[in-house]
Amino acid sequence: SGGGDDSTDTEDGESGGESTDSGGQQSGLDTTVLTGDGSSTVFPITNTASSYWNSNPEAGDEDYWPAEAAEEYGTDMRLADYFASQYGYEATEQRSVPPFRVSIALSHSGTGVEGVMEGRVDIGDSSASAEAELAGSDPSEETLNNFTDHVVGVDGQPIVVSREIADAGVESITIEELRQIYRQEITNWSEVGGPDREILALGRAEGSGTDTSFRANVFGDPNAPISPDQRFGQNQQLQTAIAQANNAIAYIALAFVEPDGATPPVDLVIDGTTYSYGDNLGAQDYPLSRDLHAYTWTGTSRKEAAFINFILSDFGQEHFVRAENYFALPDDRLQSQREKVAPSNYE
Amino acid sequence: MSEIEPTQRTDLAEQRLTTTGETDETTQAAWTEFQFEDDAKLAVEALDVYYGNEQALQSVSLDVPDESVTALIGPSGCGKSTFLRCLNRMNDRIKSARIEGSVALDGQEIYSDGVNLVELRKRVGMVFQEPNPFPKSIEDNISYGPRKHGDLDTGLLARLFGTDDAEEAQALVERALRRAALWEEVKDRLGDNALGLSGGQQQRLCIARCLAVDPDVILMDEPASALDPIATAKIEDLIEELAEDYSVVVVTHNMQQASRISDQTAVFLTGGELVEYGETEQIFENPQSQRVEDYITGKFG
Amino acid sequence: MSEIEPTQRTDLAEQRLTTTGETDETTQAAWTEFQFEDDAKLAVEALDVYYGNEQALQSVSLDVPDESVTALIGPSGCGKSTFLRCLNRMNDRIKSARIEGSVALDGQEIYSDGVNLVELRKRVGMVFQEPNPFPKSIEDNISYGPRKHGDLDTGLLARLFGTDDAEEAQALVERALRRAALWEEVKDRLGDNALGLSGGQQQRLCIARCLAVDPDVILMDEPASALDPIATAKIEDLIEELAEDYSVVVVTHNMQQASRISDQTAVFLTGGELVEYGETEQIFENPQSQRVEDYITGKFG
Amino acid sequence: MTQRLPQTREVPRRLRAAVRRRVERTKQRARDYRSRTEDGAIAMDGLVFASVIVTFLSFLAGSRWTVIPVVVFLASMGVGWYRYQAEAAKITTLLTTVITVSILTLIVAFLVIESVPAVRLMGLDLLTQIRNPTMDDPALGQGLWGRNDVWSLTPMMLGTAVTTLIATLIAAPIGIAGAVFVSEIAPRRVREVVKPGIELMAGIPSITYGFIGLTIVNQYFYLEFGTPTIGTYFAAGLMIGIMALPTVVTVAEDALNAVPESIKSGALAIGSTRWQTTKSVTIPAGLSGVSAGVLLGIGRAMGETMAATVMLTHTKGFPSPVFDVFSNYGETLTTVIAFEGGNASGVHMSALFAAGVVLFVMVMLLSVASQYVEWRMYQKLGGEQ
Amino acid sequence: MSSVTENRLAAADSTTGDLVSLGVIGVATLTFLASWLLLLQWVDETATVAGLSVLKLLGVGLAVIGGGLVVIGVGSRFDYIDTTPSSSAGAPVGVVFGVLWAILGGLAATLLLENAVVLWLPVAVVFGVVGFLASVLPGEDVGSTLPVAAILILLGVVVAIGGVNAGWTWSPDWSSASFPGSELVPILVVFGTLLGAWSAGKAKEGFGAEGRQAGAYYLIGSVVFAMLGVLGLLIGFIVTNGLQTTLTGASLLGGRQTIPFVGLQVAWPEFPFLLNQTGGLYVEIPGVLPALVGTLWLVVGAVSFAVPLGIGAAVFLTEYAERGRFTQVVEVATNGLWSTPSIVFGLFGLAFLVPRISGGNSIVVGQLVLGFMLLPLVLITSREAILAVPDARRDASAALGVTKWQTIRSVVLPAAMPGTITGVILGVGRIAGETAPLLLVFGGSPYPSTTPNVLGGFRFSAQPPFVTNEALLSPASALPYQLYSTITAGVFPKEIFTNTEFGWGTALVLLLVVVGLYAIGVGSRLYFRRKLHNE
Ligand SMILES: Nc1ncnc2c1ncn2[C@@H]1O[C@H](COP(=O)(O)OP(=O)(O)OP(=O)(O)O)[C@@H](O)[C@H]1O
Ligand SMILES: Nc1ncnc2c1ncn2[C@@H]1O[C@H](COP(=O)(O)OP(=O)(O)OP(=O)(O)O)[C@@H](O)[C@H]1O
Ligand SMILES: [Mg+2]
Ligand SMILES: [Mg+2]
Ligand SMILES: O=P([O-])([O-])[O-]
């Protein structure tokens, strides 16, 4: 079994563009697998991006890298080849062989933040801020400073219910009712204008960004004690559970809402304003809206930057963020995010 | 020793389940003259046993009289154990065994369809080569049979209602142990685990266990072969004593032992044939067949 | 059969590792007169063996002559096997065993410090009660010993360089099998697994395996007790033949066998004493001690 | 008092004597070793051991030079094998033993060491606390995990106990019945099919059970019995019980089979029925083995992770009444580790290690108990003297 | 009651009693099976047969069984039926019936009166005592039929007349779940029919020792039948659900394979589910190839780590070390570790190995962790196998003057190999299906689009550690992990399968792999055993 070879991933961030010398080498650049883990909310974005990236479609591929899109960038290179080449990577010119591979795992934000912090992964997906995620364990200032925050999209956290409940006429609830439901003070749908049926209050794992930001935004404290009936590790699992149940309510992410399917949204009334899906969830003042982060640790390496820049590109915002139902970043924020990973930093 | 008188035997062949194949006329001739009275305890007629395709016994017929010791001797693998196990149908437990012929206990065929094995084995007890006491107390070993047969009731319920047969049980245990000449040695530790006894004691315990269900016939398969000389002597004495009340059939590989304890002896030879059967003295002093003589004088085996 | 003549024996007691305790004068008296020539192959002197605190052999002294069969008889547990295993120090393998006294092979003490067990056991071979061939081919069983001793090189490397001793090996296998009277039966299937042989063949194979390392003395512990009469007869013939070249020591529980095959017989009795030792005929026809006579005539055992 | 004094003086003297004897024996061993072993072989032994120790130390330190001692090791071993095969073989096996034992020790030690911070913080409360005093609304059993520095394993221990109990209630009786059936009742031909079949089932991975449990069993209870959540202790326990069944059957059957045929024949030969033989002779004689099988099954159930992780609700608390196996609470020691292991640090991680230690101790106790009863059986059937 | 004193060597002919018992057993069997159909929801509880709802039919069945038992019991008591009962059914039976009656009484009291301990407890106690006495006081024939019959008839009638129907629910205070008649009735009927079959089985053999045997055998037989049924169903379920997914796009000769060097194209079996990547844009039929290869590497790594160590240690412990305290402790410890939950190993791997070896989830850490898990098993089984080599063989070798190590190498190890191999295969079967530790130390993307290229991943360099392997140091997927990912990752990225379909397909492949390994292990054990015994 292997001796004590050190990780190739733990040290690369600090030096900015310089990759470490061990591991596979191609033109002196680190081409080992770029790993990411964490938020199930961000997962659809980063995972779709990684699918595109790893498939490295040729320019003119109608499905994935259409000629018009390539033209906009003024290139005829393959997709990943093009975006990586800006960071000095050599094009492979082969389908399914990107300059370096990207592998995004799925868990929840806590794991992503923890993983990137301990060097287990390069990119930590998180749907709540690292600060809020770590709020329980009193992180030092220095620790927090070591996180480099890349916001890749925006979610307006929706409240969804089981189909049966929506069909029975529950269309909106107030934020106070929502709080009471998650404190087990309201336990029957009849109390909020629904059928006489127990409420199955579904939640996400403690440590998930969805749970953290829900508590922070609804209860005002990321550590506020709430007691859902059942917790799920990932949004996807939660989505399945809502579909299976006939009396459930849950907080989730936009990518997992099916207005006409098994996870219909309900309107949320806050201080007299009604926030409804497809309407004003993206609004700045919607208290449940949140940034979706892709954290790196102690700076951003060339490899990480290349991939994050890919997501932040117009092509990425269109295909990986909007296409997954999330809100793309507004232009000004996009600009400042792009600057953090601009190719010019790595020359 | 019971009186043995050669007479004609009843024809049990009618009751036979299957007809036998050809029998070796010459060897049969040597002893078929020698038969017991009508009331042979066990009458075996033309018994063939096969293990798979191997024939282990070839058309064996013999009568076991009551109140006497019948010894079965013969070289290893000649079918003595097989024969013995046929007498209480323990061979039924061996899947590959196939049995043809007839065995009658008190004139009643035991290889007929409706035979109740449990009843049969109550009446034809068996003691094995290796002592095999149950891992229970000495007492429980003895009373096991009667309790299972419902002759003794020492259950929780009976004790609850005060109708248990504790005293009878005690009496029965004592009687069986005395009968097996073990009482004096164990009377102070009836509650101890039987596995703590010495080999010879265990074997006598097994005999006592068998006596406790009050059988008519006791089958013993080399009961002393695993024992030291002193224990063997005790078992031999015991067998002779038992013959006063029971019909005892003993397999042994020790010819001295056979001559010491038995009233009549059957000699099997390799291939599963019964070569000679008769009064022990006669067999040992004046065997009719050369092969038996060779065997007995130690020319082989 | 070698000539046996009672003479004075050399005093090996000087070489003894430990002095013996008191010996039973009366029983010793009966046979100490009977001794062999100076050149006894194996000379055992005042051998005591203990298993933990139990004494299994009590000051046994006897000389085993060359080119003859020495039989050890006695009731079960009297220490025959123990004695035999002392002769090639197989008892060293039993943790609880403690051995005192002296055993000399060709006048050389085997219980001294520098003795090379491997050499000793090459010269004093052993055949066990149960045939125990290795689960290898017949050929490999025979050539196992020589190969391990480096007398034969049939390894992969040797084969690769064409320097292997395939022919010698073949010759050796044939010689050993012929000597053990097994060649004719197995010559066509030397490559077959030895476990496929019958019990008797297996036992002869074990003898052949032992012969293949060319020992001086062959020890056999009840080599025929697990076999049927025909196989037994073959082994007996073989033992008599082997006595022409080797010194053979055989333990047996079968007195007929002892009388048939051996030149001299040692009778052990319970407690581990050697009660009588002498020419076989004399022991069986005119034993000096009453206990031996009782034992031989089957009064017990 | 007067009698004790000499005794107390005796102790150090005995101790000293014992130590001296030990030292003597070690010296003797060393001498034996020297005289037995050739010089080259001794050198090889030394090199091999030294290089292994250096390898381990540099691995612990995370050095990238670990490879050097590894090469030294391989070289000395290779030369040694060629020159002194017997000695090299012995040293290799000794080495593998040492490595094996140290790996296993390392795992245990690491578990214990990592759990120290949690134990420091919580003390015995780690295992016993059932209320969080710092919370305004100290709902029984809630807020015991991570609120204001309270990390109590009690809810998870209860969860483990409940699921294990349910699983045992299902697996033990049915499993024993299965064992009795296979070894005592079934005709030979049936046995030859059923026995290996059941052994195969022991191999079905737990995640598969979990998938079935998640998609079918959970749904069934939720829809038909109106459980408050999709996934309850009962459903998980049921699934785990079914999962443990083949193990119990196999081991218990082996135990019944190991009861010597001679004892069974002995009972039959005095005219007891087969069932009486089974009930009064075979089962009592094989009882220790059967219980070993059950204990093993319990151990399996206790350590079962995946099925429980995907089926349970991951909310921590005490159902009221505690035996309400259909409540909305659902977390066990294993699931909490699997569910939170990825994003734990600090005391949280340490508390997870503590959960690991608790599991380890419980399973170890079960294992020792089952080995003990098996040993008892061996003693019993082998004669007790 | 006929007497037992007479020695019956031959059994009596079949009687009316036999016929009635047979009838009862028949009805019980049918009812038993029917209630399983309901429980498994293969038949809807609203279905009707001959105008009666199934539920009511079950009630009728129970009542009929009860009636039959009454006939037998009474008939036997008054000697209309020839039986040989013991004087009493015995304490264990009494206790069971007492408990059953107590439950019945208690439940009735809570339903009819009020749910208060003062009310139901005394009723339950009284019922319990009555049940107990009713079964132990009269002869065995009455005692083991009438108390059952009473319960069955009561239950049966209540159900049959609709007192408890599908819509009826029982929601006890102590339970968060409620029990509807549609489920409760079949469950009760399952137990009821078991009791009935037991009782009738006893009667069929005329009570007494043989009756008890028959009763016990009926009971055990039904339980085991149900157990095997459930286990078989589980497997059947996976197979039927997974088969379609697994076979998607598969064809025996549909594929094309070019013969290397010749360039000829030949027809080739095509099995996309096994041979395709899971994720990636250009995959039409997603498959489990990455997971399959990942599992393969895990197993290879774990085996090559654990087997030499385990066997070496086993040899030392059995052949060289003196048996004593030390070996005993090692034995106890290894046994304990073998049953230690896998997740604990995972935790260790996460906190100890990951930072030291790969820095993140990786194949090599997965291999090591699974290797640690396998190690105790290899040690235990090879130790057992070595111990099982008869000492006679060692003695034989020693008696030929062969040294210890040569004996070990040429005699002991070859003979111990079959046992060790069997053990290792079974162990591999177990670790190949292991998921929990992989969550923590191994798994990567839920829909991987490449297979780990371990063989091609080796890189040599002039600097320590000289050899690296990127693939080994990267996360990957394995079959059980793939199944878990599918469960958690929810939405499957391709249209062709739903998430669950892909899950069933993965489960089937996993099952085939693991159970296949087990089959090889069990089979090789049988083979070696036969070989040893035959020859
Ligand atoms: N269960 C069995 N299956 C197949 N063959 C058997 C079985 N039992 C015995 N045999 C064969 O039947 C023949 C007679 O065996 P049996 O045990 O009756 O001989 P025995 O006279 O009792 O021998 P021993 O003196 O060695 O006990 C032998 O050839 C034996 O191999
Ligand atoms: N390994 C051992 N450990 C302890 N005691 C032993 C051991 N081997 C033999 N004994 C005891 O030593 C005595 C002599 O045994 P040994 O095996 O030499 O007798 P034997 O004459 O060969 O008997 P048998 O004819 O039964 O083979 C017996 O009392 C036996 O119990
Ligand atoms: Mg026999
Ligand atoms: Mg012996
Ligand atoms: O985005 P989350 O999966 O952490 O909720």
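These numbers come from a predicted model, not from an experiment.
- Residue contact with chain D, scored on non-hydrogen atoms closer than 4.5 Å, involves the backbone and the side chain of E:L309 alike.
- No donor-acceptor contact under 3.5 angstrom links the side chains of D:Y209 and D:E304, judged on distance only.
- Of the two parts of D:I103, only the side chain, counted from C-beta on, holds a non-hydrogen atom closer than 4.5 Å to a non-hydrogen atom of chain E.
- Of the atoms belonging to E:T403, not a single heavy atom falls under 4.5 Å from chain D.
- At a 4.5 Å heavy-atom cutoff, E:P172 makes no contact with chain D through either its backbone or its side chain.
- Of the atoms belonging to D:V194, it is side-chain heavy atoms, and not backbone ones, that fall under 4.5 Å from chain E.
- The contact between E:V332 and chain D is made by backbone and side chain atoms together, counting heavy-atom distances below 4.5 Å.
- For E:S182, the part lying near chain D is the side chain, with the backbone staying farther off; criterion is any non-hydrogen pair under 4.5 Å.
- Both the backbone and the side chain of E:L347 come within less than 4.5 Å of a heavy atom of chain D.
- Contact annotation for D:L296: neither backbone nor side-chain heavy atoms come within less than 4.5 Å of a heavy atom of chain E.
- Heavy-atom distances place both the backbone and the side chain of D:R274 under 4.5 Å from chain E.
- In this structure, the portion of D:L214 lying under 4.5 Å from any heavy atom of chain E is its side chain and not its backbone.
- At a 4.5 Å heavy-atom cutoff, the contact between D:T215 and chain E is made by side-chain atoms alone.
- Heavy-atom distances place the side chain of D:F110, and not its backbone, under 4.5 Å from chain E.
- None of D:F234, D:Y222, D:Y233 except one satisfies the ring-ring contact (aromatic ring centres under 6.0 Å, His included) rule with D:F326; the exception is D:F234.
- Proximity to chain E (any heavy atom under 4.5 Å) is restricted, for D:Q371, to the side chain, taken from C-beta onward.
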